[in-house]
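Below is one structure; the comments refer to it alone.
Lettering of chains follows the sequences in order, A, B, ..., and the numbering in each one begins at 1.
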Amino acid sequence: MSRSLVSPSSLKRKRPETQLPGLVDAEHAILNLIKSKKDLGIWTREIKLETKLADNVVTKSVKSLLAKGLIKEVVNIQNKAKKTYMAVEFEPSKEISGGEWYNNGELDKQLIDALKLVCFRYMRMQKVATLEGVHNEIKKNGVVTFDISSQQIGEILNSMVLDNDIIEVKSTGLGDYYSIPIGKTCYRVAGGAGVAKGPRMGAFATIPCGACPRISFCTSDGVISPSTCVYYTKWLGIDF
Amino acid sequence: MVSPHGIQFAAHLISSFYGELCSKVCECLLRRGTLTLAQIIQSTELSRENVINCLRVLIHQNCVQAFAVQREGAFGEAPRIVTQYMALFNNIIHKLRAPKFMQIVSEELGKDGLMQHGRLSLKRIIDRNEQTAGSSDIHVVRESFIRLLNARFIERCPAPEPFLAPPAEDEAPAKRRGAKSAKIAEPKTTEQRALAAAAPMESMRFLMEMDDLPEKNDDESSDSVTHRKKRKQDVLKSDEDVLDANDKKEVLWRVNFEELVRRLRTKACISYVKTKINDEAGIVLSAILDLSGRPESRQKAEKTAYLSMNAIYDEVIKKEGGLGMDFERIRVSLDQLGCETLSTGLDESYSIGTHLSSFSYFNAVVESVVLRRYGREAYRVFRLLSKAGRFLETDKISDSTFVEKKDAIKILYKLWKDDYLHMEKVVSSGARQSLFLVWRVNKQTLWEQVLDEMYHAALNLRLRIAHEQDRGKEVLQLPREKLVGELEKKYKLLGKVRVILESSLMNLDEAIMLFHDF
């Protein structure tokens with residue numbers, strides 16, 4: 001990886017053959033530097049150090065490059081405070097992004113939960129939502145500063161379906177689905193009976209035996225039995 | 001075959017209602033299947049007289065069915081006819097539901113005495129009513145009897161001892177015809193044939209003839225009775241002690257459990273849909289089930305007939321809360337209920353599943369158990385496998401459910417150990433051989449496992465109720481005036497405990513009844 005060092009004197013000389021249209025020398029230099037970092041990106045302070053340009057020049061140039069769509073800002077999972085910039089043609093490496101859902105080899109539960117919450121709130125407002133709708137909302141909302149893909153949102157939504165927080169349905173074009181093409185997969189909040197509640201569905205799960213990890217050892221007159229069961233005693237609130 | 005805890009629970013119920021001896025006989029039949037009198041005596045080690053008395057009680061209470069079969073004689077002897085007895089597991093469990101059944105009947109028709117008495121002839125019903133209510137008008141009793149019959153809450157008792165002819169020769173060619181026809185004509189077990197033979201014809205089942213005189217049984221059983229009597233009087237003398245000679249002459253009536261269970265299930269189904277979807281869906285379902293009426297045959301109809309939107313609408317607006325609904329909202333509910341639409345020209349008609357399995361009841365119950373017992377991550381894992389319906393590999397499970405790989409393995413292993421999952425080892429062939437574990441939910445074995453656990457839990461509740469009653473008996477036996485201070489607290493606590501346990505048992509029983517239907 002070569003790093004082009006630009007001396008202040010050269011800035012005054014225009015190099016028409018290497019210059020992108022509309023870019024001044026400072027921007028050009030910074031852009032080359034950022035490009036050279038490929039998928040690792042570079043943060044503001046490093047740019048200042050390496051180009052030896054004045055703070056305000058760097059800031060202005062970066063702004064301009066961003067506005068022109070030549071670079072993008074990415075979140076460095078290792079240190080979210082560092083404003084890291086990358087050329088648009090690169091995707092953040094796993095070290096920067098944390099590789100989808102894993103962070104330092106561990107599942108980023110906070111991120112996942114935060115995304116789930118945003119998705120859920122959006123769906124509660126919308127009543128019915130498509131994958132695209134949720135994706136746009138997440139991007140608009142700015143809860144994640146990295147570029148989250150539609151597929152990743154899909155994985156989050158599927159996980160929420162498994163949790164029975166939301167249900168997956170097909171649009172009928174009627175009622176709440178009027179704006180969604182018929183047959184398209186969409187999601188809605190699961191409603192009152194997300195997890196089996198109430199006497200009829202939860203009848204077995206809500207008594208001690210339903211939750212008991214020892215049920216296979218329980219006999220009517222054994223060491224573990226309904227008469228001696230401590231889970232029952234606790235459940236009944238008896239302590240005499 | 002009934003599951004192990006199902007047997008224990010049934011035996012316990014029989015013991016509570018009819019005593020230890022009956023329970024022993026019943027348990028013997030449930031564990032060992034259909035037996036002759038001699039076999040029961042040998043197995044239970046009870047006296048002949050005791051076994052006969054128990055069988056009489058159990059038959060009278062519709063818990064056991066007798067039937068006659070032909071046995072080949074040994075060494076040139078003529079074939080003999082022997083009487084066998086089979087336990088009726090479902091009817092035994094219905095004993096627990098007696099209060100609910102009585103409530104349904106009294107809601108519709110006022111009080112009734114037939115429920116508690118197993119089986120009675122019309123004459124005995126009239127006599128009994130006279131005893132309990134003083135002198136009464138026979139016509140009033142007949143009127144209420146007819147109302148019960150029309151509502152199908154009662155039915156003719158099955159034949160006391162139908163004769164099963166040996167399986168005919170022509171059943172063999174049916175099997176040779178190929179896989180397709182063999183599927184339609186599945187060979188019935190002896191027990192299934194016995195029940196089919198004992199059952200009165202559908203046309204007779206709810207039919208009462210106008211005169212009061214004792215009537216003949218339906219043709220099949222009366223033939224078998226005379227036929228049997230002419231043949232082997234000596235061999236059958238013993239079993240005639242069991243089967244009361246009088247019963248054969250009068251028409252006997254008993255509770256029609258099928259109808260009561262059907263009504264309970266319908267109620268529960270509507271209530272479940274109301275909770276799972278919303279009130280409107282419950283109203284629409286209720287309207288459709290009312291329109292469909294009851295299935296004509298003994299077979300449970302899996303789907304209703306196709307109904308037009310107009311018909312559904314007319315029924316819906318009659319319901320409480322249904323007046324405000326319009327076609328659009330009904331269509332939304334129909335869609336949520338997962339109905340099938342049939343379009344013919346300008347009209348659309350709809351059909352709906354009548355089983356709770358249509359509404360994922362089975363899944364809801366099992367998933368709630370998994371959640372409570374194994375936790376939220378296990379819940380996700382289980383739901384993933386349940387939806388997939390096929391083998392999935394560990395990594396795939398861990399990725400799709402956002403569960404760390406090491407935790408996923410622990411969860412899967414626990415579920416597998418408790419028989420909630422199947423597991424297989426797959427060795428991938430190729431340059432580098434690696435071992436993969438794949439996992440799957442098998443609905444059939446899972447259903448058996450969970451149902452058995454539910455019987456186990458029901459038994460535990462009953463045992464705990466008995467235990468608490470026993471523990472608190474000193475307090476419970478005290479006169480009201482003595483219940484002050486600490487004793488009063490204890491008394492109240494005992495009452496509270498009893499309510500919790502008994503209401504839990506009622507709810508669990510309803511869940512068992514619905515779950516069993518799957």
Any salt bridge between [X] and [Y], counting N to O under 4.0 Å?
X: A/Lys72; Y: A/Asp147; result: no
X: B/Glu488; Y: B/Lys492; result: yes
X: B/Lys274; Y: B/Asp279; result: no
X: B/Asp418; Y: B/Arg373; result: no
X: B/Glu468; Y: B/Arg464; result: yes
X: B/Asp399; Y: B/Lys405; result: yes

- Note on the structure: If you tally heavy-atom pairs under 4.5 Å between each of B/Val370, B/Asn363, B/Leu461 and chain A, the highest tally belongs to B/Leu461

- Determine the option with the most heavy-atom pairs under 4.5 angstrom with chain A, choosing from B/Arg380, B/Arg329, B/His12. B/Arg380

- With the side chain counted from C-beta on, respond yes when B/Lys489 and B/Leu493 share a heavy-atom pair under 4.5 Å apart, and no when they do not. no

- Message: Quick one, A/Leu162 and B/Lys387 - any side-chain contact, counting heavy atoms below 4.5 Å?
- Response: yes

Which answer fits [X], side chain, backbone, both or neither, if we ask what part of it has an atom under 4.5 Å from a heavy atom of chain A?
X: B/Lys496; answer: side chain
X: B/Leu459; answer: neither
X: B/Val403; answer: backbone
X: B/Glu328; answer: side chain

- Note on the structure: Greatest number of non-hydrogen atom pairs under 4.5 angstrom with chain B, of A/Ser216, A/Pro208, A/Cys212, A/Ser225, falls to A/Cys212

- Task: For each of A/Cys209, A/Pro213, A/Ala211, tally heavy-atom pairs with chain B at distances under 4.5 Å, and name the one with the top tally.
- Result: A/Ala211

What part of [X] lies closer than 4.5 angstrom to a heavy atom of chain B: side chain, backbone, both or neither?
X: A/Ile167; answer: neither
X: A/Val169; answer: neither
X: A/Leu236; answer: both
X: A/Cys218; answer: both
X: A/Lys170; answer: neither

- Item | Atom CZ of A/Phe217: over 12 foreign heavy atoms under 6.0 Å | no

Under a plain distance cut-off of 3.5 Å, with no hydrogens placed, do [Y] and [X] share a side-chain donor-acceptor pair?
X: B/Arg462; Y: A/Ser220; result: no
X: A/Tyr232; Y: B/Asn460; result: no
X: A/Asn141; Y: A/Tyr122; result: no

- If you check every heavy atom in residues 129-136 of chain A against those of chain B, which residues fall under 4.5 Å? none

